[in-house]
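This chain uses plain numbering: 1 for the first residue, then up along the sequence. The model shown is predicted, which means the values in this text are computed figures rather than measured ones.
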Amino acid sequence: MDRTSDRISLGRPNISDEEIAAAERVLRSRWLVLGPENRAFEEELAAYCGRRFAAVVSSGTAALHLALLARSAAPSSVLVPAFTFPATASVTRFLPSPPALYLGDVDAGSFCLPAATVKSYLDSPLAGEKGLCISVHQFGFPSPLPASADRAEPRLLSDAACAIGVRGAMAGHAVCLSFHPRKLLTTGEGGAVLSDDESFIEEVRRLRAHSLVARPGAEVMELPRCGLNYRLPEMGAAMGRVQLRRLPGFIERHREIAAHYRHRLGSSGLGQRLQADHPERIYQTLALVLPEGTDRMGLRQALLQQGIETQIASYGLHRLAAFAAARVLHADGSTSPVSAAALPVSDRLHELGLALPLHSELRLAEVDRVCDALLGLLSSAA
């Protein structure tokens, strides 16, 4: 029987009366777009993340798109991990001249691109001066980077959608964040671009508002280039400012829950199948790799019958038709056509990756219930 009264949600945004009051304050002000809440949120966000400037936008995907469009030179090629949410690669297809797309297999422990693959790309003719590596800090784990890739590396963009404020995830010329409801900090929908390059951030801000530019004494605004409408409403910015103050508490609570999962699953062998831990990481998602041969869909349906929501961990881009023309970049610098055999770790994660319930209001007793159900079902299927 489907248990709905005591369902354990995969994720649940933590919204207090303070966020509600902040949104109400904005609504009563009647200033709903690009006002003082946006400006204050940008300043506070940049300070929290250790970057000089921030531009808040309507989603994490918008942040990635604008970070590519605002570059002084369009990328000639882009490397992304083969295991990531499709938006990381999809945005490259919406550039005036879509770059060559390369997929790199991820590490079996971190679920991130290995530093050797990033170095191989940046040192290769494939990258040259205009190539770009989009490093995804998967589920809050800081993706390892080669020593040569410092925080100002112009050919590095950090997709830190799940890793807000993680020191190792703030590297590169630009950093992109997401404030989707499953993220630790949410504005409903929303995102941000961070950088130490002021002119770059100013271009992001222009592009998010159609690229219209006011000129002194002119009645009509000018349009030097085409832009988009990727603005974050003032209500979201006001909510984000409250969430930012509460964020350290959310992070600590997620770490406590993740530690309890590790303790409960450790003795079973499943603990070794969880994404690796790291002193800096935050836990936007807790994911594991199910044993070979597991019917993941059947397992998820059985868990749901017990009132437990789960989700696939993420996507193997090589399994999606939209990226069939991409090439695989190997750690030795060679390339090959997209195939499951060329991307074995990403392929296994696509088939067997499972995201477990994780949110700041999750009780440890509920974690026990998830673990008991998961272990029981896997044991009976063995």
Side-chain angles (χ1 to χ4, degrees), residues 9-67 87 140 160-166 169-170 175-195 201-202 204-210 228-257 282-285 358-363:
S9 301
L10 175 69
R12 180 182 172 88
N14 190 316
I15 307 299
S16 71
D17 289 343
E18 193 175 356
E19 284 92 342
I20 295 170
E24 182 181 1
R25 182 184 70 247
V26 170
L27 289 169
R28 293 189 181 282
S29 77
R30 306 294 200 272
W31 193 341
L32 305 185
V33 179
L34 293 183
E37 296 293 341
N38 264 248
R39 292 192 293 273
F41 188 31
E42 289 176 342
E43 292 174 3
E44 292 160 8
L45 189 62
Y48 181 89
C49 294
R51 301 306 298 255
R52 292 183 62 199
F53 306 104
V56 294
V57 296
S58 57
S59 71
T61 304
L64 288 166
H65 194 196
L66 292 178
C162 301
I164 181 172
V166 174
M170 298 296 104
V175 177
C176 293
L177 304 177
S178 170
F179 306 136
H180 180 272
R182 274 190 65 195
K183 302 302 189 285
L184 276 85
L185 184 158
T186 185
T187 59
E189 278 283 8
V193 183
L194 309 171
S195 182
I201 289 294
E202 285 302 321
V204 170
R205 289 172 177 161
R206 283 189 288 269
L207 285 166
R208 74 180 174 188
H210 303 288
L228 297 151
N229 181 0
Y230 280 163
R231 297 173 294 197
L232 178 69
E234 282 285 275
M235 295 83 75
M239 178 179 168
R241 295 180 66 196
V242 177
Q243 289 266 296
L244 189 60
R245 293 195 292 271
R246 302 178 66 207
L247 182 58
F250 297 159
I251 291 172
E252 187 58 34
R253 180 57 180 163
H254 278 231
R255 285 174 173 162
E256 179 185 359
I257 294 167
I282 62 177
Y283 281 90
Q284 183 269 329
T285 292
L358 179 61
H359 54 83
S360 61
E361 296 177 345
L362 189 68
R363 299 188 301 272

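- Other residues, nucleotides and ligands contribute only 12 or fewer heavy atoms inside 6.0 Å of the CZ atom of R363.
- Nearest heavy atom pair, residue Y48 against residue G165, reads CE2-CA, 3.9 Å.
- Atom-to-atom distance recorded for H65:NE2 and R208:CZ is 16.0 Å, nearest 0.5 angstrom.
- Here the closest non-hydrogen pair linking G140 and A163 is CA-CB, 3.9 Å.
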Show me, pair by pair, the donor-acceptor contacts under 3.5 angstrom made by side chains of residues 55-62, not counting sequence neighbours?
from, atom 1, to, atom 2, distance (Å)
S59, OG, T61, N, 3.4
S59, OG, A62, N, 2.9

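- Judged purely by atom type and a 3.5 angstrom limit, E37 has no side-chain atom pairing as donor or acceptor with the backbone of M235.
- Within 6.0 Å of CZ in R12 there are 12 or fewer heavy atoms belonging to other residues, nucleotides or ligands.
- Judged purely by atom type and a 3.5 angstrom limit, Q243 uses its side chain to pair as donor or acceptor with the backbone of T186.
- Closest non-hydrogen pair, V193 versus A63, comes out as CG2-O, 3.4 Å.
- Here the options are E19, R246, H359, the test is side chain to side chain donor-acceptor pair (under 3.5 Å), and the partner is N14; only R246 passes.
- Between R245 and V242 there is a side-chain heavy-atom pair separated by less than 4.5 Å.
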Test salt bridge (Lys or Arg N to Asp or Glu O under 4.0 Å) applied to E24 and R28, step by step: CA-CA 6 Å; E24 182 181 1; R28 293 189 181 282; 2.9 Å; yes

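- Atom CD1 of I282 sits about 8.0 Å away from atom SG of C162, to the nearest 0.5 Å.
- Atom CG of L247 and atom CD1 of I164 lie 5.5 Å apart (nearest 0.5 Å).
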Intermediate values then yes/no, salt bridge (Lys or Arg N to Asp or Glu O under 4.0 Å), E42 and R39: CA-CA 5 Å; E42 289 176 342; R39 292 192 293 273; over 6 Å; no

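- In plain terms, the two heavy atoms of A238 and V26 that are nearest each other are CB-CG2, 3.6 Å.
- T285 OG1 to L10 CG: the interatomic distance, rounded to the nearest 0.5 Å, is 7.0 Å.
- Side-chain contact between V204 and S195: absent, with no pair of heavy atoms (C-beta onward) separated by less than 4.5 Å.
- Minimum heavy-atom separation, G240 to L185: O-CD1, 4.1 Å.
- Interatomic distance, S178 OG to K183 NZ, rounded to the nearest 0.5 Å: 4.0 Å.
- Residues L194 and I201 fail the side-chain proximity criterion, which asks for heavy atoms closer than 4.5 Å.
- Remark: side-chain polar atoms of E234 are paired, donor with acceptor, to backbone N or O of N38 under 3.5 angstrom.
- Scanning both residues, C176 and A67, for their nearest heavy atoms gives SG-CB, 3.7 Å.
- Of the inter-residue distances, the one linking Y283 atom OH with L358 atom CG reads 9.5 Å to the nearest 0.5 angstrom.
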